[in-house]
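Scroll down for the structure; my scribbles are underneath it.
All ligand and atom numbering here is 1-based and tracks the order in the structure. Fair warning: this is a prediction, and the values are worked out from it, not measured in the lab. Below, each value reflects all heavy atoms present in this structure, side chains not excepted, and no hydrogens, waters or symmetry copies.
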Amino acid sequence: MATTSPLANGAAQQPQAGVILDALIIGAGFAGMYQLHCLRDRLGLAAQVLEAAAGVGGTWYWNRYPGARCDSESHAYRFSFSEELARAWQWSERYPGQPEVLRYLNFVADRLDLKRDIRFNTRVESACWDEAAKLWQVSTASGERHRARFLITAVGCLSSANIPDIPGLESFEGRWVHTGQWPHEGVDFRGLRVGQVGTGSTGIQCAPVIAETAAHLTVFQRTANYSVPARNAPLTDEFKRYARDNVAEISRTMRATRNGHPFFDADRSALATPPEERQALYDAAWAKGGLQFRATFGDIISNLEANKTAADFIRAKIRGIVRDPVTAAKLADIDHPYAAKRPPIDSGYFETFNRDNVALVDLRAEPIERITPRGIRTSRKEYALDAIVFATGFDGLTGSLLAMDIRGRGDTPLGDVWRDGPRNYLGLQVTGFPNLFMITGPGSPSVLCNMPVPIEQHVEWITGCIARMRDTGMRQVEARAEAMDAWVAKVNAAAAATLLPMAAHSWYMGANIPGKPRVFLPYAGGMARYREICDQVAANHYEGFTLSD
Ligand code: NAP
């Protein structure tokens, strides 16, 4: 394959006119970086990354809001493909903050010498399959044209900011920002009355930090949310030693678990456990903190009654922490099962409402009517604000893909094929879009996991498939229609076996974006199971795909 390419391994940074690359990769976060490394350095192919930002990092490049921190524990938030690489990096805290994750990704990019094959400040606008040439034609916002045999999207799951369409925003005389597009120079809230809209994982992280500097913070809550303390702290020398000395073992565990985290869900049932013992286990999990709380019992995510024991425990904690009973009641008035929406973890979120300079507005009782020049007006009153923070999330999983005009065979737009919701095979390929692979798109376990784990699996699987094609002289790979239909059914069945679809307003369902089809987007069958399925498909000569020359 590379023999027909004018680019030798990593030979050029600038595209030359007429050059045909083996692969173009869109995005330079965890996924794009590793995909470049695999194709360029392992297969010796001519590959380049196109990246809209000025640096590597993806999510961690853009999400610089106060308090931005990873919810996965640092010793598991890393690449696993190289033990040497994993040992060469030392995290400082239990959960890495955004600046540290960005430093890590730059460290990896430099160590693997990736940046010379990444074109920064290059936003892809469209990609079109050229049937005659069997190539992807890619155009960028700056008018560049590129051609490549394979196109791989590594655009992240949560990179298309959702700025709600609230009337009057343009009239606001203060400053407004979205957490996912945070200014690099930071925002100084000192002396300001700040309004924060949104109480998802992001809002729960940033409210305590904003409250520390702002004159006043008003949190506008539409849906109350569970949260468990993160219990972040600097790592002890002993733990650092453990993480360094057990790299391989930790990676093995991450690969074997349902969510790619370095711990297994407990085997026991919440319902079968006597109430006092159950309470003690929840108490211990609360004291330990983090996403592991969800793993306290094996049936929390599948049995509503079991789930209620966890939900009630957290509601009681909220009432115990928040001193004002009216505020506590609003915060604890949660309408969905625990973890049916992505469960946040926090550093002092509920405690923040005990501060004199923080207030909660319940938008269920008084919906926002409009934004005025002076602030936010609800059905009850106008809240005077100097700044508004939108912690309102993203057009998850499909937003960034559909923002590009991707067209497959017969000039068919991806948006047409996905009009009623995304459809693909293994989350990786869409029928009618040959040689286009998606990393952690819809239909992948993606956002239900510790992200580096599905990313590495997808990248390695795609690399294996491309290597097989090279070795057998094939130029084209495409998911078969019946395989795609069967996978869509599997994704739906996997979701239905959990309580996840019960959070009808969750972004997992696409429900946060007006007009977006309501389907459960990620594959909820578990990362370990997904890996087995993908391995089986590859072992069965890429069953469900057509490979042709
Ligand atoms: P999110 O979970 O979608 O939460 C958005 C919040 O904004 C929700 O409270 C939502 O209310 C509210 N909202 C949206 N539109 C609104 C409107 N028009 N009016 C009032 N409220 C509105 O977004 P996120 O918090 O940014 O998190 C997204 C995902 O990013 C997470 O689920 C997680 O996967 C990832 N994340 C990870 C980390 C981490 O690892 N550290 C941190 C942050 C985020 P409703 O619930 O009523 O829709």
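Looking at Arg374, Arg175, Arg193 one by one, the single match for salt bridge (charged side-chain N to carboxylate O under 4.0 Å, His left out) with Asp386 turns out to be Arg193. For the ring-ring contact (aromatic ring centres under 6.0 Å, His included) test with Tyr77, the passing option among Trp89, Phe30, Tyr95 is Phe30; the others fail.
A side-chain N or O of Tyr34 and one of Glu460 form a donor-acceptor pair less than 3.5 Å apart.
Ion pairing between Arg252 and Glu249 holds under the 4.0 Å rule for side-chain N and carboxylate O. With respect to Asp312 and Arg315, a salt bridge is recorded, a charged nitrogen being found less than 4.0 Å from a carboxylate O. One finds a salt bridge joining Asp71 and Arg342 here, because a Lys/Arg side-chain nitrogen approaches an Asp/Glu carboxylate oxygen to under 4.0 Å.
Listed by chain and number, residues touching ligand 1 at under 4.0 Å (heavy atoms only) are Tyr65, Arg69, Cys70, Asp71, Leu158, Pro164, Val197, Gly198, Thr199, Gly200, Ser201, Thr202, Gln205, Arg222, Thr223, Lys341, Arg342, Leu363, Ala391, Thr392, Gly393, Phe394, Trp507.
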